[in-house]
Enquirer: 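After the structure tokens below, expect a handful of questions from me.
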Amino acid sequence: MRDATQHALRPRVNEGRVAKHRVLQHGRLIPAVEQRLAQQFDVVALWQQPDPLTFLRTQLDTFAAMATSAGKGVQGELMAAVPGLKAIASFGVGYDSLDLPAARRLGIQVSNTPDVLNDCVADLAWGAMLDIARGITEADRFLRRGDWMRGPFRLANRVSGKRLGIVGLGRIGAAIARRGAGFEMDIRYHNRRPVEGAAYEYVTELTQLAQWADFLVVAVAGGPGSHHLVSREVLHALGPTGYLVNVSRGSAVDEAALVAALRARAIAGAALDVFEKEPCVPEELTGLDHVVLLPHIGTATHETRNAMGDLMIDNLHAFFSTGRLVTPIPEALISPNLIDS
Ligand code: 8YV
């Protein structure tokens, strides 16, 4: 780790007054968080620089800390280019866009914003699941088109009492499972390893879980460990009466295989909040009625985004006052073989 006690961490004194600590902001954040960040730190907006690397080369002063988001991430090349960088505070729980091995090599601590977003992501997973099974947004389109005048909406499928398969029983997966109990669902899960004390049955093979489940809900961490975890085989195991829900990362699902499975009716439907190349969504999907497509809104509530912003800012304050982050991404997670988040 780069030495956290160097001069960059000491309050900066400017004409006798204690000045704010400098924070380099990489990428935009929500306006309320940008505002708080700017009130509490001396923020330099890297996103305003047409050529960030050249800009950084011209800096005479150091930036001990950087603020970014899970959406924007930070590449290793950029980490190495920031003079004096010792900490990165990221807005979001996902760390697949952050080059953690590079951060470790460079001695840079990295934090994310876990837990504060579990409930909203789980709520969204639940909304998406109810929507795809009951045809809620499809029924809304039906009504707006005036089709109700010609007859009733098609029959849909029940959710309560069905079989729920959770892929990744991390903090978000567990919050989804807890909601499932309220719907009297039979719940099983797949994870890289059984979760100690979990109240649900562990299934070693994902295809087995898919074969069993009526709803397969993906809540894994992104990155190489979960890339295309939901493969053609898994989709075919889910079968023509099974629904896929993905609220984690688009990369966890083989999107081309999913499009093919949906078109062939090899699965009943899919509700997706995430895609492989956001914000681009395969055109084939937008033409289908048995999909629910959402623009990555799992955490997008005032309450959760503000809580994420507060936690990111708390991490920056803790770093400047103690040299340590509050919610550092655990070392154990800097491994390519992870599927829970
Ligand atoms: C946000 C997310 O979309 O937390 C995550 O990992 O994907 C979402 O909360 C993201 O943080 C915004 O950049």
Side-chain angles (χ1 to χ4, degrees), residues 23-37 45-47 66-75 78 88-100 103 110-128 167-168 170-176 217-227 229 245-253 255 271-281 293-316 325-330 333-334 338-341:
V23 169
L24 188 63
Q25 185 189 334
H26 183 41
R28 302 298 312 255
L29 297 162
I30 60 165
V33 173
E34 282 191 355
Q35 212 177 357
R36 260 176 282 156
L37 199 65
L46 192 59
W47 54 268
M66 183 192 246
T68 186
S69 65
K72 184 73 181 173
V74 189
Q75 293 183 338
L78 182 62
I88 296 172
S90 180
F91 176 90
V93 70
Y95 43 82
D96 48 323
S97 59
L98 298 158
D99 188 342
L100 296 181
V110 186
S111 64
N112 61 350
T113 58
D115 289 319
V116 294
L117 42 67
N118 297 348
D119 283 336
C120 276
V121 179
D123 289 353
L124 199 272
W126 215 263
V167 188
R171 291 170 286 228
I172 294 171
I176 295 169
V217 181
V218 187
V220 297
S226 63
H227 186 256
L229 189 66
V245 178
N246 188 8
V247 290
S248 61
R249 284 294 181 264
S251 60
V253 175
E255 207 164 79
L272 310 168
D273 186 40
V274 287
F275 301 88
E276 284 205 70
K277 294 189 179 89
E278 292 173 12
C280 300
V281 175
L293 305 172
L294 303 169
H296 200 146
I297 55 169
T299 63
T301 63
H302 294 290
E303 295 87 344
T304 287
R305 287 281 170 92
N306 278 314
M308 290 160 67
D310 286 346
L311 186 49
M312 185 195 75
I313 288 172
D314 286 351
N315 269 289
L316 290 169
L325 296 163
V326 191
T327 50
I329 298 173
L333 296 187
I334 311 177
L338 278 170
I339 63 159
D340 49 352
S341 69

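All values derive from a computational prediction rather than experimental measurement. Here, residue 1 is the first one in the sequence, and each next residue gets the next number. First listed ligand is number 1; within each ligand, the first listed atom is number 1. As a basis for the values below, the full set of heavy atoms in this structure was taken, side chains included, without hydrogen atoms, waters or symmetry mates.
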Enquirer: Between N306 and T304, is the side-chain hydrogen bond (donor to acceptor under 3.5 Å, both in side chains) condition met? List the steps.
Expert: CA-CA 5 Å; N306 278 314; T304 287; over 6 Å; no
Enquirer: Rounded at 0.5 Å granularity, tell me how far CG in L78 sits from CE in M66.
Expert: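 The CE atom of M66 is 4.0 Å from CG of L78, to the nearest 0.5 Å.
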Enquirer: State the atoms of ligand 1, each with its element, that fall below the 4.0 Å cut-off from a heavy-atom position in S69.
Expert: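 The list of qualifying atoms is 13 (O).
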Enquirer: Assess, by modelled atom type and distance only, whether the side chains of S226 and R249 contain a donor and an acceptor separated by less than 3.5 Å.
Expert: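 There is no such pair between these side chains.
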Enquirer: Tell me: protein heavy atom nearest atom 11 (O) of ligand 1, and distance?
Expert: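 Result: F91 O, 3.0 Å.
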Enquirer: Which ligand 1 atoms does G92 reach within 4.0 Å, using its non-hydrogen atoms?
Expert: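 Taking each heavy atom of G92 in turn, ligand 1 has 4 (O), 5 (C), 11 (O) under 4.0 Å.
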Enquirer: Is N315 reaching over with its side chain to a backbone N or O of L325, donor-acceptor style, under 3.5 angstrom?
Expert: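 A pair under 3.5 Å: no.
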Enquirer: Quick check on contacts: which atoms of ligand 1 are under 4.0 angstrom from a heavy atom of G94?
Expert: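 Taking each heavy atom of G94 in turn, ligand 1 has 4 (O), 5 (C), 6 (O) under 4.0 Å.
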Enquirer: If only atom types and distance count, is the side chain of N112 paired as donor or acceptor with the main-chain N or O of V93 below 3.5 Å?
Expert: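 Looks like yes, one N/O pair under 3.5 Å.
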Enquirer: Which residue and non-hydrogen atom of the protein lie closest to atom 4 (O) of ligand 1, and at what distance in Å?
Expert: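 Of the protein heavy atoms, V93 N, 2.8 Å lies nearest.
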Enquirer: Look only at the side chain of E276 and the backbone of G250, and say whether a donor-acceptor pair between them is shorter than 3.5 Å.
Expert: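 A pair under 3.5 Å: no.
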Enquirer: Below a 4.0 angstrom heavy-atom separation, can you tell me which part of E278, side chain or backbone, both or neither, approaches ligand 1?
Expert: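 No part of E278 is near ligand 1 at this cut-off.
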Enquirer: Find the distance between OG (S251) and CG (D96) and round it off to the nearest 0.5 Å.
Expert: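 Reported to 0.5 Å precision, the distance equals 6.0 Å.
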Enquirer: Is there a polar contact, in the sense of an N or O pair closer than 3.5 Å, between L117 and ligand 1?
Expert: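 So ligand 1 has no N or O lying under 3.5 Å from an N or O of L117.
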Enquirer: Checking the N or O distance criterion of under 3.5 Å, is ligand 1 in contact with K72?
Expert: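 No: no nitrogen or oxygen of K72 is under 3.5 Å from one in ligand 1.
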Enquirer: Run the side chain to side chain contact (heavy atoms under 4.5 Å, CB included) check on L46 and Q25 step by step: do they pass?
Expert: CA-CA 6 Å; L46 192 59; Q25 185 189 334; over 6 Å; no
Enquirer: How far is atom 3 (O) of ligand 1 from the closest protein heavy atom, and which atom is that?
Expert: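 The closest heavy atom on the protein side is H296 NE2, 3.3 Å.
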Enquirer: Of the protein's non-hydrogen atoms, which lies at the shortest distance from atom 8 (C) of ligand 1, and what is that distance?
Expert: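 Going by distance alone, atom 8 (C) of ligand 1 is nearest to T299 OG1, 3.5 Å.
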Enquirer: Counting non-hydrogen protein atoms only, what is the nearest one to atom 12 (C) of ligand 1? Give residue, atom name and distance.
Expert: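 Looking only at protein heavy atoms, the one closest to atom 12 (C) of ligand 1 is G71 N, 4.2 Å.
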Enquirer: Examine ligand 1 and decide if any of its atoms is less than 4.0 Å from a heavy atom belonging to R249.
Expert: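 Yes; R249 lies near enough to ligand 1 that a heavy-atom distance drops under 4.0 Å.
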Enquirer: Quick check against the 3.5 Å criterion: does T327 have a side-chain atom that pairs as donor or acceptor with the backbone of T113?
Expert: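 Side chain of T327 to backbone of T113: no pair is present.
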Enquirer: For ligand 1, which atoms have a heavy atom of R305 less than 4.0 angstrom away?
Expert: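 Close to R305: 1 (C), 3 (O).
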Enquirer: Purely on distance, is any nitrogen or oxygen of M308 under 3.5 Å from one on ligand 1?
Expert: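 No, there is no polar N/O contact under 3.5 Å.
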